[in-house]
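Some notes on the structure that comes next.
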Amino acid sequence: MGKINVDFSKLHIEEKEILKYSDSILNIHNFLHGKSSLEKEFLGWVELPSNYDKLEFDRIKDIALKIRNNSEILVVIGIGGSYLGARAVIEALIGSFENGDVSNTQVVYAGNNLSSRYLIDLINYIGDKDFSVNVISKSGTTTEPAIAFRIFKEMLEKKYGVNEAKKRIFVTTDKEKGALKLLANQEGYETFVIPNNIGGRYSVLTAVGLLPIAVAGLNIDKLMEGARTAQERFANPNLLSNECYKYAVVRNILYKEDKNIEILACYEPRLYYFAEWWKQLFGESEGKDLKGIFPASVCLTTDLHSMGQYIQEGRRNLIETVLNIVGGNMDIEVKEDKDNLDGLNYLVGKSLDYINKKAMEGTIEAHVDGGVPNILINIAELDEEAIGELVYFFELACAVSGSILGVNPFNQPGVEKYKRNMFKLLEKPGY
């Protein structure tokens, strides 16, 4: 039994409408599981939780311990799927202010933008602290991380000397080819593999995500255990009993009703970067051929005071998927104030988590009444197993949903357009 379940009761979609997709789902299911071992299909993630490289997995844990013992900071250099998955998991599971605690190795991020101010601020923050670098890139030539790696490689060499710096650089890249792999071989850097049959946005459960997650002090065995639970739970092609496939189907049914924006809503700020990972997963997978549900996100109740008005009374082209953490939350109780000037004494004895839950229930009811279909994903407790299960749930749902939509959910041809224009403006040879 898993740690997540999906509540579709706020949709008002008849079962017969869902069952119309049964044949399509069976075909997609058979394709995903029948082609999962082929590199060209980018389906290596399908069976990854039960079929990962155990030797590399153990090496990840060993290297993570080494980094934790000699570094106050790990700089993760990557963009898109090369850092979002790790950041999503770390920030969901590490306390809001614990990642900067001196007792832990703090994971920070570079190479995910071209802002000089951000990079200077990060360099100043690192200061004299001991640090290591994990550079993540399939090719090693992606502009943002390549520039950042040049800068931090120079910093390491200046601080520790060339030979010692080599022991603090960890490379996650292609198994055999690419500029970064060539450099790693030449310099003798410790390397980890980005599997050829797993695309970046599906790579959080590979070394791409696992090394930073382990360095942060999280249990990657339990993370993979949760993902394996999801793999087993959602391997059933029966549409009505498979919540993952059902989620993929109902969002496509709603899409045909002109519900072309899906909001991932959470009531826990820790899930902010999980939503960012989710947006990349669905945005790059489905946004093709002038099709696709636009993925957006809100963190409630905060955004009820900014986006709440639009969600309630704006265009009726929205779907809302809510992440609800059921239990395991730390709590604060409202105490009595004798003056009661703020009028809050009616809440005395109630916990903040209870109040937050009632805010969620009231918001869902208001949004549904206002014409926004809601899907509720209940998470028993926010821990490694639950996050692993949730990651796999969305990866599989995204692949199925994109396939129903009629696009290839594993490529991203549109991403190259801005690069060609940028290279031309920067006068890169060949452009």
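- No donor-acceptor pair under 3.5 Å is formed between the side chain of R201 and the backbone N or O of K279.
- When all heavy atoms of E320 and A265 are compared, the closest pair comes out as OE2-CB, 3.6 Å.
- Between the side chain of E144 and the backbone N or O of I79, no donor-acceptor pair lies under 3.5 Å.
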Worked check of side chain to side chain contact (heavy atoms under 4.5 Å, CB included) between C244 and V400
CA-CA 9 Å; C244 182; V400 173; 6.0 Å; no
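- Under the 30°/60° scheme for interplanar angles, the aromatic rings of W45 and F410 are found to be tilted.
- With hydrogens and angles ignored, the 3.5 Å screen pairs a side-chain donor or acceptor of N242 with a backbone N or O of F234.
- With no hydrogens or angles considered, no side-chain donor-acceptor pair links Y245 and N236 at under 3.5 Å.
- Within a 6.0 Å radius of NZ in K291, other residues, nucleotides and ligands contribute more than 12 heavy atoms.
- Atom NZ of K158 sits in a sparse spot, with 12 or fewer heavy atoms from other residues, nucleotides or ligands closer than 6.0 Å.
- For S24 (side chain) and Y21 (main-chain N/O), no donor-acceptor pair under 3.5 Å exists by modelled atom type.
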List the steps, then state whether side chain to side chain contact (heavy atoms under 4.5 Å, CB included) holds for F42 with N411.
CA-CA 9 Å; F42 287 96; N411 66 0; over 6 Å; no
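- Using modelled atom types and a 3.5 Å distance limit, the side chains of N317 and N260 yield a donor-acceptor pair.
- Cation-pi geometry between R251 and Y247 is met: under 6.0 angstrom from the ring centre, within 45 degrees of the axis.
- Looking at Y273, its side chain never comes within 3.5 Å of a backbone N or O of A92 through a donor-acceptor pair.
- Side-chain atoms of K3 do not come within 3.5 Å of backbone N or O of G226 as any donor-acceptor pair.
- Around atom NZ of K167, no more than 12 heavy atoms belonging to other residues, nucleotides or ligands sit under 6.0 Å away.
- Inspection of the Q309 and E313 side chains reveals an N or O donor paired with an N or O acceptor under 3.5 Å.
- A ring-centre distance under 6.0 Å is not found for F170 and F192.
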Side chain to side chain contact (heavy atoms under 4.5 Å, CB included) between Y392 and Q231, worked out
CA-CA 7 Å; Y392 190 89; Q231 179 189 338; 3.7 Å; yes
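- Residues I28 and L32 have side chains in contact (heavy-atom distance under 4.5 Å, counting atoms from C-beta outward).
- Taking S351 as the reference, D331 meet the side-chain hydrogen bond (donor to acceptor under 3.5 Å, both in side chains) condition, with sequence neighbours excluded.
- For the residue pair N252 / S401, a side-chain donor-acceptor distance below 3.5 Å is found, with atom types taken as modelled.
- For E361 and K357, the salt-bridge test fails: no basic side-chain N is under 4.0 Å from an acidic carboxylate O.
- Side-chain N or O atoms of S71 include none that pairs as donor or acceptor with a backbone N or O of L74 at under 3.5 Å.
- Within 6.0 Å of CG on D342 lie more than 12 heavy atoms contributed by other residues, nucleotides or ligands.
- L264 has its side chain out of reach of E262: every pair of non-hydrogen atoms, C-beta onward, lies at least 4.5 Å apart.
- For the pair E243 and K246, the salt-bridge criterion is not met [side-chain N within less than 4.0 Å of a carboxylate O].
- Between R87 and E276 there is no salt bridge, since no side-chain nitrogen of the basic residue lies less than 4.0 Å from a carboxylate oxygen of the acidic one.
- Within the 4.5 Å cutoff, the side chain of N112 has heavy atoms near those of the Y118 side chain.
- D383 places a side-chain N or O within 3.5 Å of a backbone atom of A386 that can act as its donor or acceptor partner.
- Annotation: cation-pi pair K10/F8 absent, no NZ/CZ under 6.0 Å from the ring centroid and within 45° of its normal.
- For E187, the CD atom sits in a packed shell: over 12 heavy atoms of surrounding residues, nucleotides or ligands are nearer than 6.0 Å.
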Using the rule given for side chain to side chain contact (heavy atoms under 4.5 Å, CB included), can you reason through I220 versus L218, listing the C-alpha separation, both sets of side-chain angles and the distance that settles it, and then say yes or no?
CA-CA 6 Å; I220 60 174; L218 296 171; 5.6 Å; no
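- Ring geometry for F149 against Y189 counts as perpendicular: the plane angle is over 60°, on a 0 to 90° scale with 30° as the lower cut.
- Using modelled atom types and a 3.5 Å distance limit, the side chains of Y125 and Q106 yield a donor-acceptor pair.
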